[in-house]
Protein chains: 2
Amino acid sequence: MELSCKSEYALLALIALSLHHAKGEPIRICQISAEQGIPDRYLEQLLATLRRGGFVKSQRGAKGGYLLTREPWKITLLDIVSCIEGFEAKAKELKSPQTVEGAVVCDLWKEVRQAAESVLEKCTLQDLVDNRNARQQIDLMYYI
Amino acid sequence: MELSCKSEYALLALIALSLHHAKGEPIRICQISAEQGIPDRYLEQLLATLRRGGFVKSQRGAKGGYLLTREPWKITLLDIVSCIEGFEAKAKELKSPQTVEGAVVCDLWKEVRQAAESVLEKCTLQDLVDNRNARQQIDLMYYI
DNA sequence: ATTATATCCCGGTTCTACGGTGGGGATTGT
DNA sequence: ACAATCCCCACCGTAGAACCGGGATATAAT
């Protein structure tokens, strides 16, 4: 389970897409990258991965951009992170332990991974958006 | 939180040290590396890190080797992994988020990390050793 | 004292992934 | 036609992982 900058960028982009999702209009890469401070050419790659993962669809040409394919509450964060971090993580698991000690540590690893994944599994993209809106309310109160 | 091969090697080495801990005799690097299938020169580096972290002490010269400095039940796995994966992980936290969305994702990251760390925190080196012994019993039963 | 044994410490090498950049091509609304 | 926008492929620099060598140093046995 990796929690790299990559996954963070992907979540930020999907939050941005969720916020505009009601309108039904596509959002441009450069718009997201400007709002969230993500290098646009890098974001492009991540959105391509998310598109292949079936989370977003793209519309090419003028007035084009990206759209969510599903409602934000139908996407768990584990789905997203798994897509971004790739499936070669599964390949790493395949190295079956040769010793008793190796098996014990392997079990421990699975337990830790499970703990992390359960957090991501319980949380949907909509939950993140709700958190964002709640936090923005708080910030506004301080501003007044 | 990284769960790399590095940490796995370190845990295996410390399990091996725990198993021989009662005798009070030091164990050589080459013995551990042979038992656990760890490249000896690499293991040397990891044991040096663990020594600087205060988990093991070394005895140089003939009949030398490594020894645990504390009892296995006084060492949590979080202690070990934190020592091995380094403290620059804390530096990564320092990048305070610039946007509301960034803050939300940062909170999520902390939550995931906390979940993983709590698993490691609850488990001591002795627990690992006990698991190992229990598993070996099972293997023996199948063998008979 | 000498020697064998072991760690210690310095360095180098190879490989992979991450974060990021660039160029050219395909598609689409106006 | 044209501009806007995504698509694809390739590249670069850096960092860390995993690993290897060589020599210095400390210790025990002789």
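Reckoned from all heavy atoms, side chains included, excluding hydrogens, waters and symmetry mates. Given the structure is predicted, the values throughout are model-derived calculations rather than measurements. We name chains A, B, ... by the order of the sequence lines, and we start the count at 1 in each one.
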Indicate whether OP1 or OP2 belonging to [N] is found under 4.0 Å from a side-chain N or O atom of [X].
X       : N      : result
B/Arg51 : C/dC9  : yes
A/Ser58 : D/dC7  : yes
B/Tyr42 : D/dG21 : no

Return yes if the base of [N] and the side-chain atoms of [X] contain a donor-acceptor N/O pair under 3.5 Å, otherwise no.
X       : N      : answer
A/Gln31 : D/dT5  : no
A/Gln45 : D/dC8  : no
A/Arg41 : C/dG19 : no

Length of the line joining [X]:[atom1] and [N]:[atom2], which is rounded to integer Å:
X       : N      : atom1 : atom2 : value
A/Asp40 : C/dG23 : CG    : P     : 13 Å
B/Lys57 : C/dT7  : NZ    : C1'   : 16 Å
B/Leu46 : D/dA18 : CG    : P     : 9 Å
A/Leu47 : D/dC6  : CG    : C1'   : 10 Å
A/Ile84 : C/dC18 : CD1   : C1'   : 13 Å
B/Tyr9  : D/dA17 : OH    : P     : 13 Å
A/Leu43 : D/dC6  : CG    : P     : 9 Å
B/Ile29 : D/dC20 : CD1   : P     : 14 Å

- Before accepting this row, confirm whether a basic side-chain N of the pair B/Arg41/B/Glu44 lies closer than 4.0 Å to the acidic partner's carboxylate O. yes
- Test: B/Asp127 and B/Lys122 ion pair at under 4.0 Å: no
- Query: Between A/Glu44 and A/Gly64, who's closer to the 5' end of DNA chain D by nearest nucleotide?
  - Reply: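 Result of the comparison: A/Gly64.
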- Message: Let's go through A/Leu125 and A/Trp73 carefully: what are the C-alpha distance in whole Å and the side-chain angles of both, what is the deciding distance for side-chain contact (heavy atoms from CB on, under 4.5 Å) to 0.1 Å, and is it a yes or a no?
- Response: CA-CA 6 Å; A/Leu125 191 50; A/Trp73 53 85; over 6 Å; no
- Note on the structure: Contacts of B/Gly65 and A/Lys6 projected onto DNA chain C by closest heavy atom; the upstream (5') one is B/Gly65
- Query: B/Asp107 and A/Asn131: side-chain contact (heavy atoms from CB on, under 4.5 Å), yes or no, with the steps?
  - Reply: CA-CA 10 Å; B/Asp107 282 356; A/Asn131 283 356; over 6 Å; no
- Can B/Tyr42 be reached from B/Ile32 by stepping across I, L, V, M, F, W or Y side chains whose heavy atoms are under 4.5 Å apart?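 Yes, B/Ile32 connects to B/Tyr42 through the hydrophobic network.
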- Message: Mind checking if B/Cys5 touches a base, just sugar-phosphate, or nothing, with heavy atoms under 4.0 Å?
- Response: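 If one applies the 4.0 Å heavy-atom cut-off, B/Cys5 turns out to touch the sugar-phosphate alone, with no base involved.
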- Taking side chain as C-beta onward, heavy atoms only, is A/Glu101 less than 4.5 Å from B/Glu35?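 The answer is no, as the side chains (C-beta and beyond) never meet within the 4.5 Å cut-off.
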- Message: What's the separation between atom OG1 in A/Thr69 and atom NE2 in A/His21, rounded to the nearest 0.5 Å?
- Response: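 Between atom OG1 of A/Thr69 and atom NE2 of A/His21 there are 8.0 Å.
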- Item | Protein-to-nucleotide contact annotation, 5' to 3' order, nucleotides 25-30 of chain D [B base; S sugar-phosphate only; - none; under 4.0 Å, heavy atom] | BBBS--
